[in-house]
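Data block below; observations after.
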Amino acid sequence: GEDVEQSLFLSVREGDSSVINCTYTDSSSTYLYWYKQEPGAGLQLLTYIFSNMDMKQDQRLTVLLNKKDKHLSLRIADTQTGDSAIYFCAESRMIKAAGNKLTFGGGTRVLVKP
Amino acid sequence: DTAVSQTPKYLVTQMGNDKSIKCEQNLGHDTMYWYKQDSKKFLKIMFSYNNKELIINETVPNRFSPKSPDKAHLNLHINSLELGDSAVYFCASSQEQGFEKLFFGSGTQLSVL
């Protein structure tokens, strides 16, 4: 993405934890999001965090937000082969008279090895 | 029932042709979008419509023209196709402004030869 940056690739062994990192630029984003894209499919919202929180846990997923550093991370515990996908972080930017616009990072391809 | 459906799934065409991609959502959402995903998986918004009204129009060539006959449909027409238009085009919809839970279609892979 233009100003939303992620590492390109992550390889992890099945059962280990995965951590995907993202940096963003718009400090006014109300929410920050993680979307997942499986091969041949569109993106699906995986989880999100409200900007006044610094952590959110959702089953195997933990989202950490450091607003000062504009850093977002997604931790997947006990990574499974079905978690192999591309993960996109996204911020929401206010467009005057047009509502909000979601800006995506370039995606992190996660490969889970058995 | 598929929530956001787009057709065709694959589109192979010659340079210079005109083509359309159709999108329909049955979620009752007010806002629909077109995104372009290039070969490096970079995803960029092209257009968004709210209740048939254009609200976001990114820096997209005039050859691309969205049309929303009603709030459940947002079609994309492309004139004079160029090689650089080859990409996967995703339609999406959402209900709320301020919380962008987007529902994506499965994409249309456009190949311009």
Side-chain angles (χ1 to χ4, degrees), chain A residues 1-10 20 22 24 26 28-53 56 58 84-111, chain B residues 2-10 21 23-25 27 29-51 53-60 66 74 87-109:
Chain A
E2 301 145 341
D3 301 315
V4 181
E5 299 198 353
Q6 309 175 227
S7 50
L8 284 177
F9 186 73
L10 176 68
I20 308 166
C22 171
Y24 62 97
D26 190 348
S28 66
S29 297
T30 306
Y31 291 94
L32 293 136
Y33 307 85
W34 284 102
Y35 277 79
K36 177 183 180 182
Q37 184 180 27
E38 295 182 357
L43 281 70
Q44 282 187 301
L45 180 64
L46 190 63
T47 188
Y48 63 92
I49 188 166
F50 190 53
S51 59
N52 70 354
M53 297 170 65
K56 179 182 177 182
D58 184 1
S84 291
I86 303 176
Y87 291 81
F88 292 88
C89 72
E91 64 173 0
S92 181
R93 295 179 182 175
M94 172 74 87
I95 309 289
K96 192 177 175 183
N100 291 353
K101 181 181 94 167
L102 208 56
T103 298
F104 288 92
T108 300
R109 191 183 296 268
V110 173
L111 178 64
Chain B
T2 306
V4 181
S5 58
Q6 50 182 113
T7 54
K9 188 163 177 63
Y10 300 98
I21 308 172
C23 179
E24 176 182 3
Q25 54 97 3
L27 298 165
H29 288 167
D30 287 334
T31 307
M32 295 185 72
Y33 311 81
W34 278 109
Y35 279 84
K36 178 180 179 181
Q37 187 174 46
D38 64 22
S39 58
K40 293 182 180 177
K41 303 300 182 184
F42 177 64
L43 198 69
K44 193 171 172 68
I45 191 168
M46 300 173 71
F47 302 102
S48 81
Y49 270 71
N50 182 269
N51 242 328
E53 183 184 341
L54 179 67
I55 56 172
I56 292 176
N57 183 352
E58 290 293 284
T59 316
V60 177
L74 181 62
V88 181
Y89 292 83
F90 286 99
C91 176
S93 72
S94 70
Q95 182 55 27
E96 296 178 50
Q97 281 289 318
F99 179 64
E100 280 74 26
K101 181 174 181 178
L102 268 61
F103 290 78
F104 281 80
S106 56
T108 296
Q109 182 151 355

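Each chain gets a letter, A, B and so on, in the order its sequence line appears, and its residues count up from 1. Keep in mind it's a predicted model, so treat the numbers as computed, not measured.
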message = What part of A:Tyr48 gets within 4.5 angstrom of chain B, counting heavy atoms only: side chain, backbone, both, or neither?
response = side chain

inquiry  = Between A:Leu43 and chain B, with a heavy-atom cut-off of 4.5 Å, which part of the residue counts as in contact: side chain, backbone, both or neither?
reply    = both

query = So how far is it from B:Lys41 NZ to A:Phe88 CZ, rounded to the nearest 0.5 Å?
reply = 7.5 Å

request  = With rounding to the nearest 0.5 Å, note down the distance linking OH in B:Tyr33 to CG in A:Leu102.
outcome  = 7.5 Å

Which atoms of [X] are under 4.5 Å from chain A, going by heavy atoms: the side chain, the backbone, both sets, or neither?
| X | result |
| --- | --- |
| B:Ile45 | side chain |
| B:Lys9 | side chain |
| B:Gln37 | side chain |

request  = Check whether any side-chain heavy atom of A:Tyr35 sits under 4.5 Å from a side-chain heavy atom of B:Leu102, and report yes or no.
outcome  = yes

task = Please tell me if the side chains of B:Phe90 and A:Gln37 come closer than 4.5 Å, counting only heavy atoms from C-beta onward.
result = yes

